[in-house]
Amino acid sequence: MQFDSFYPKQADQYAFYCIPRRLFTDSNLKELTVEAKILYGLMLDFVSLSLKNMWIDKKRRVYIIFTLKEVMGTLNCGDKKAT
């Protein structure tokens, strides 16, 4: 069996966002909207980029930069839903 190779422009076609199962199973979190849960998964994805860039505060916590404008563009929504 021969598998096709991936080229740079194709490599991202199988990238995935991870959303913790707990966001859907924990009764304390059931009030969160699906959009909020997806946003959390998107934000988790930024953590790896932050680590690569060494974006770590004085308390050794990793932080991300994901502006409201970026959230609105990514989720294709207005500022009221994004906040």
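Sorted by first and then second residue, the pairs that involve residues 22-32 and meet salt bridge (Lys or Arg N to Asp or Glu O under 4.0 Å), not counting sequence neighbours, are R22-D26.
For R60, there are no side chain to side chain donor-acceptor pair (under 3.5 Å) partners, not counting sequence neighbours. Applying the side chain to side chain donor-acceptor pair (under 3.5 Å) criterion to K81, with sequence neighbours excluded, gives E35. Under the salt bridge (Lys or Arg N to Asp or Glu O under 4.0 Å) criterion, R21 pairs with no residue at all, not counting sequence neighbours.
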Atom pairs and distances, side-chain donor-acceptor, residues 37-47, under 3.5 Å, sequence neighbours left out:
from, atom 1, to, atom 2, distance (Å)
K37, NZ, L23, O, 2.9

Let me check something: any side-chain donor-acceptor pairs from residues 61-70 under 3.5 Å, sequence neighbours excluded? List them with distances.
from, atom 1, to, atom 2, distance (Å)
R61, NE, D57, OD2, 2.8
R61, NH2, D57, OD2, 2.8
T67, OG1, E70, N, 3.1
T67, OG1, E70, OE1, 3.3
E70, OE1, T67, N, 2.8

